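Only a predicted model underlies this, so the values are computations on that prediction, with no experimental measurement involved. Naming convention: chains lettered A, B, ... in sequence-line order (proteins, then strands); numbering from 1 in each chain.
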Amino acid sequence: MEHLLSQLNSKQREAVEFCDGPSLIIAGAGSGKTRVLTYKIAYLLEQGLPPYYILALTFTNKAAREMKSRIADLVGEKKARQLWMGTFHAIFSRILRNEAERIGFTPNFTIFDSSDSSNLVRLIIKEMQLDDKVYRPGAVHNQISRAKNGLITPGMYAQNREIIEYDRASKRPQLFEIYQRYQNRLKAANSMDFDDLLMYTNILLRDNPDVLEDYRNRFQFVLVDEYQDTNFAQHLIVKQLAELHHRVCVVGDDAQSIYSFRGANIDNILKFKSTFPQTQIFKLEQNYRSTQNIVNAANSLIKKNKEQIFKEVFSENEEGEKIEVVSAFSDFEEGLIVANKIARMRYEGHTGFSDVAILYRTNAQSRIFEESLRKKNIPYVIYGGLSFYQRKEIKDIISYFRLIVNPGDEEAFRRIVNYPTRGIGDVTVGKISESARLHNVSLWQILSSPLQYNLDVNRGTARKLALFHELINGFIADNETQNAYELAQTVLKNTGIVKEAYEDLTPEGMSRAQNIQELLNAINEFVSERQEQGEEDVRLVDFLSEVSLLTDQDTGDDEGNEKVTLMTVHSAKGLEFNHVFVVGMEEDLFPSSMAKFEPRGLEEERRLFYVAITRAKKTCTVTFARSRFRNGSTNATRESQFLKDIDPRFLLMEQKALTPARDELADGFWESLRQKRESSVFVRPSSRIPVSRTENSSLKLSEEAGQLKEGDVIEHERFGRGVVTSIEQSGGDKRAFVDFDSAGQKQLLLKFAKFKIVQ
DNA sequence: GAAGCCCACATTTTT
DNA sequence: TGTGGGCTTC
């Protein structure tokens with residue numbers, strides 16, 4: 001054990017060794033937080049605490065996996081595997097399955113992901129004949145989610161004067177009714193959404209003292225990572241479990257709390273001591289990750305926030321380079337600058353592509369960097385966006401699995417009742433749905449006894465329904481004998497999905513087929529992995545319950561490959577890279593326009609920036625563009641106010657990077673620019689802004705595509721040299737027909753094409 | 001009932 | 001720019 005502790009600094013060591021009561025470890029960025037957590041668990045195990053008495057909760061699956069493997073390295077795989085370690089959602093869904101009947105569910109309940117939830121909300125809004133412009137499904141679901149995270153049940157919601165007043169004031173008085181119906185529907189479908197996993201856990205523990213006692217005894221020691229990101233529901237679970245024995249250790253950094261939009265409550269960590277009065281607080285302030293310049297810059301930034309626990313993060317690493325701030329003329333040029341710089345870094349130094357990350361505020365920003373990187377032949381990998389399990393073809397197949405495991409699952413039913421098409425349309429589904437609501441049963445039950453529920457459909461439709469019913473019932477029977485992999489194959493074969501997929505030879509079709517194959521492989525892998533661990537029957541329900549809590553962070557782990565990483569700042573939390581580019585540092589983007597009105601929102605955005613900067617080990621480059629294409633149009637942008645929050649001593653600012661205060665002249669200029677753009681046609685509108693470019697720019701765009709005429713020779717960024725053969729007006733857009741030397745005949749939409757006029 | 005077309009709208013992060 | 005929902009036509 002001594003050798004374990006010797007690898008820690010004195011603060012870390014104190015935190016690890018303290019085990020007699022509640023403790024709060026405030027871990028500054030890069031201060032070895034994960035190290036402390038893993039060593040602490042190893043320490044507990046070495047002290048003789050059996051692994052199955054330890055509950056360790058993380059925020060992401062990835063973090064859990066990583067920690068598990070690190071612990072395995074310290075104490076061996078066998079012990080590591082017996083730990084209760086995972087995300088809140090994963091651990092408590094497991095517990096809820098064990099105790100399902102206590103809360104009126106069966107153990108095979110299925111889990112709705114956010115898109116399922118939104119769909120259901122949309123459906124209910126429609127059923128209630130409410131205006132979906134007023135009741136925007138996403139926003140409504142968000143509010144329901146908030147209520148659940150605050151443990152406000154539909155009943156409490158309806159009785160809470162304040163909330164009802166608020167909804168009335170915001171012209172959405174029916175929200176309570178939507179919430180009520182939504183919750184009923186989930187229940188009738190024997191399904192839970194993400195928030196339910198936490199809410200029902202609380203209800204389970206609240207209403208069943210024997211269950212609570214059971215788990216209190218089981219979890220002799222409770223550890224929680226990223227405590228600053230917990231919401232009220234999670235906080236209360238931890239509180240209930242640890243209330244008696246007080247053996248609880250939470251780790252976090254209030255400066256990195258970036259999930260309040262999901263109900264995370266920074267007070268949980270700020271006020272942890274009042275929940276557990278005996279709490280010992282440990283502060284880890286030495287940053288081992290970054291250079292002094294990066295740490296100092298980040299410190300100066302975060303100092304601008306009001307609410308925080310005092311700490312002084314420091315680094316004893318080399319001083320390092322200053323944070324470079326680069327302005328680009330347009331979003332497009334920003335992409336080029338970053339790509340060029342990465343290429344240069346690679347060429348000049350010992351930088352591998354995998355040492356580099358590009359971090360942005362929103363997923364939509366990734367595209368432009370994809371393009372610029374591709375142009376430079378720089379390999380990259382994007383995290384986020386549409387995850388594998390959210391692709392249509394995959395969700396459809398998973399819906400079959402869900403329906404087999406839990407025939408009550410309404411969303412799954414709706415998705416596949418007519419996929420592949422079998423002549424059961426909206427009208428029929430509407431009737432089934434209506435009948436289900438009338439009798440308060442699931443859609444599946446109507447399908448099982450259409451006569452009993454007086455389902456009013458014609459003979460042909462009834463027959464089609466019966467066939468579908470039979471199909472699924474057949475799978476349900478197969479589910480008794482076949483393992484997950486076998487059953488998946490059966491489903492794909494008997495539904496004709498596989499045939500359809502392989503007959504479609506369009507590029508999209510082929511990629512779909514590939515995805516389906518990938519899914520099969522994943523199931524196969526899942527089954528054999530479990531079998532290796534000694535499980536004999538690996539059922540579909542096992543696969544499902546794992547997969548429904550998985551996010552894209554997980555799929556396609558081609559680590560070690562020499563690729564530049566592209567991701568949002570949120571998903572970069574917990575990671576580190578030698579060289580980080582934080583891009584799109586503009587007002588209304590970062591900070592987001594959604595957040596800037598509330599002071600607390602702004603503080604959170606600032607923390608987000610703090611997180612971004614502190615991902616960097618050696619260099620950090622911050623870029624912004626002066627104009628950006630967003631939601632279909634290009635707009636002038638200004639650099640982020642956060643740039644001024646960083647002490648200039650730690651910045652390397654290119655001359656005149658910061659725009660002088662906006663004056664009316666400038667406003668007028670942008671305005672006239674916008675009007676012009678709306679009335680005329682041109683290439684990238686940004687190319688018209690008469691300001692000198694930064695030197696990094698390598699591409700010159702045509703000054704005025706509107707002047708393009710027959711016979712002109714152009715240089716297109718992708719197709720190379722070509723001659724304009726004709727120009728045509730189509731709708732509001734102009735189209736050029738170009739004969740390219742190497743690429744042949746192409747049509748270019750002038751609005752989007754990127755080229756310059758050579759002659 | 002299904003396929004195909006058109007239009008509106010996007011606007012933050014994710015377990 | 002891309003997607004998804006609604007409408008129209010067969």
Side-chain angles (χ1 to χ4, degrees), chain A residues 57-64 86-93 111-115 117-119 122 126 132-133 136-139 141-142 145 148-149 192-198 226 229-231 233-234 257-264 331 359-365 367-368 371 383-387 389-390 392 418-430 458 460-461 464 548-554 567-573 584 588-596 601 604-605 607-609 611-612 628-635 684 731 733 749 751-752:
Chain A
L57 298 166
T58 62
F59 200 65
T60 63
N61 294 303
K62 197 171 165 200
T87 62
F88 274 90
H89 293 86
I91 294 285
F92 294 114
S93 71
I111 297 171
F112 276 32
D113 69 19
S114 358
S115 72
S117 299
S118 285
N119 282 343
R122 177 175 301 121
K126 207 172 278 177
D132 64 0
K133 296 251 162 46
R136 296 230 324 277
H141 177 235
N142 204 20
S145 176
K148 288 185 178 185
N149 287 328
M192 295 193 196
D193 65 15
F194 286 142
D195 307 311
D196 282 339
L197 295 173
L198 304 175
E226 309 276 19
D229 287 328
T230 54
N231 59 36
Q234 291 166 321
S257 160
I258 55 174
Y259 281 101
S260 79
F261 68 92
R262 259 174 56 194
D331 49 355
L359 308 182
Y360 34 77
R361 180 65 181 78
T362 68
N363 278 314
Q365 288 165 261
R367 179 157 300 131
I368 210 138
E371 277 172 30
Y383 290 84
L386 202 57
S387 90
Y389 288 100
Q390 282 172 348
K392 259 177 234 97
N418 201 28
Y419 171 79
T421 51
R422 47 174 75 85
I424 302 171
D426 292 346
V427 176
T428 308
V429 175
N458 64 39
T461 306
K464 289 172 191 162
S548 13
L549 293 170
L550 232 54
T551 51
D552 55 290
Q553 301 285 334
D554 201 26
M567 53 169 60
T568 62
V569 181
H570 279 90
S571 33
K573 196 178 65 160
D588 291 347
L589 182 60
F590 201 164
S592 154
S593 56
M594 314 296 259
K596 65 176 183 180
E604 175 145 326
E605 295 283 311
R607 290 193 293 268
L608 196 55
F609 189 29
V611 168
R628 179 170 298 275
F629 184 78
R630 266 220 282 180
N631 308 332
S633 70
T634 305
N635 288 301
R684 291 198 64 97
D733 298 327
L749 208 52
K751 196 159 80 179
F752 298 120

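For A:Phe261 and B:dT13, the CZ to P distance is 8 Å, given to the nearest whole Å. Atom P of nucleotide C:dG2 and atom CD1 of A:Ile368 are separated by 12 Å, given to the nearest angstrom. Between A:His89 atom NE2 and B:dT15 atom P there is a gap of 9 Å when expressed in whole angstrom units. Atom CG of A:Asn142 is separated from atom P of B:dT12 by 10 Å (rounded to the nearest Å). One atom, CZ of A:Arg361, and another, P of B:dT13, lie 7 Å apart when rounded to the nearest Å. Going from atom CG of A:Leu608 over to atom P of B:dT14 covers 10 Å, rounded to whole Å. Atoms CG (A:Leu198) and P (B:dT14) sit 18 Å apart, rounded to a whole Å. Rounded to an integer number of Å, the gap from A:Asp229 CG to B:dT14 P is 12 Å.
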Would A:Leu608 and A:His570 count as a side chain to side chain contact (heavy atoms under 4.5 Å, CB included) if you check the C-alpha gap in whole Å, the side-chain angles of each, and the deciding distance to 0.1 Å? CA-CA 7 Å; A:Leu608 196 55; A:His570 279 90; 3.5 Å; yes
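As judged by a 4.0 angstrom heavy-atom cut-off over every strand, A:Arg630 is placed among residues making no nucleic acid contact. Among the heavy atoms of the strands, none lies under 4.0 Å from A:Phe88. Here A:Phe59 lies in heavy-atom contact (under 4.0 Å) with sugar-phosphate atoms only. Nucleic acid contact class of A:Thr362 (heavy atoms, under 4.0 Å, all strands): sugar-phosphate only.
Partners of A:Phe92 according to the ring pair (Phe, Tyr, Trp, His ring centres under 6.0 Å) rule, which considers only residues two or more places apart in sequence or in another chain, do not exist here. The ring pair (Phe, Tyr, Trp, His ring centres under 6.0 Å) check on A:Phe59 picks up A:Tyr259, with sequence neighbours excluded. Under the rule for a side-chain hydrogen bond (donor to acceptor under 3.5 Å, both in side chains), A:Arg136 has no partner lying at least two apart in sequence or in another chain. Legend: residues meeting side-chain hydrogen bond (donor to acceptor under 3.5 Å, both in side chains) with A:Arg630, ordered by chain and number and at least two apart, are absent.
In this structure, A:Ser93 contributes its side chain and A:Ala90 its backbone to a donor-acceptor pair below 3.5 Å. In this structure, A:Asp588 contributes its side chain and A:Ser592 its backbone to no donor-acceptor pair below 3.5 Å.
Between the P atoms of C:dG4 and B:dT13, the separation comes to 15 Å (whole Å).
A:Asn61 has no side-chain polar atom (N or O) that falls below the 4.0 Å cut-off from OP1 or OP2 of B:dT15. Residue A:Ser571 places at least one side-chain N or O closer than 4.0 Å to OP1 or OP2 of B:dT14. Look at A:Asn149 and you won't find any side-chain N or O under 4.0 angstrom from OP1 or OP2 of B:dT15. The shortest distance between the side-chain N/O atoms of A:Thr568 and the OP1/OP2 oxygens of B:dT14 is below 4.0 Å.
When each of C:dT1, B:dT15, B:dT13 is scored by its nearest atom to the side-chain atoms of A:Phe629, the top-ranked nucleotide is C:dT1.
Contact detail for A:Asp229 and A:Ala264: the closest heavy-atom pair is O-CB, 3.3 Å. In terms of heavy-atom proximity, A:Pro137 sits nearest to A:Ser118 at CB-O, 4.1 Å.
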Close N/O contacts between protein and nucleotides 1-10 of chain B (under 3.5 Å):
{"unit_1": "B:dG1", "atom_1": "OP1", "unit_2": "A:Thr428", "atom_2": "OG1", "d": "2.9"}
{"unit_1": "B:dA2", "atom_1": "OP1", "unit_2": "A:Asn418", "atom_2": "ND2", "d": "3.3"}
{"unit_1": "B:dA2", "atom_1": "OP1", "unit_2": "A:Gly423", "atom_2": "N", "d": "3.2"}
{"unit_1": "B:dA2", "atom_1": "OP2", "unit_2": "A:Asn418", "atom_2": "ND2", "d": "3.0"}
{"unit_1": "B:dA10", "atom_1": "N6", "unit_2": "A:Asn631", "atom_2": "O", "d": "3.3"}

Atom pairs under 3.5 Å: protein N/O with N/O of nucleotides 3-5 of chain C:
{"unit_1": "C:dG5", "atom_1": "OP1", "unit_2": "A:Arg122", "atom_2": "NH1", "d": "3.4"}

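Note that the OG1 atom of A:Thr87 and the CD atom of A:Glu226 stand 13.0 Å from one another [nearest 0.5 Å].
Both thresholds, 5.5 Å between centres and 30° between ring planes, are not jointly met by A:Tyr259 relative to the base of B:dT13, so the two rings are not stacked.
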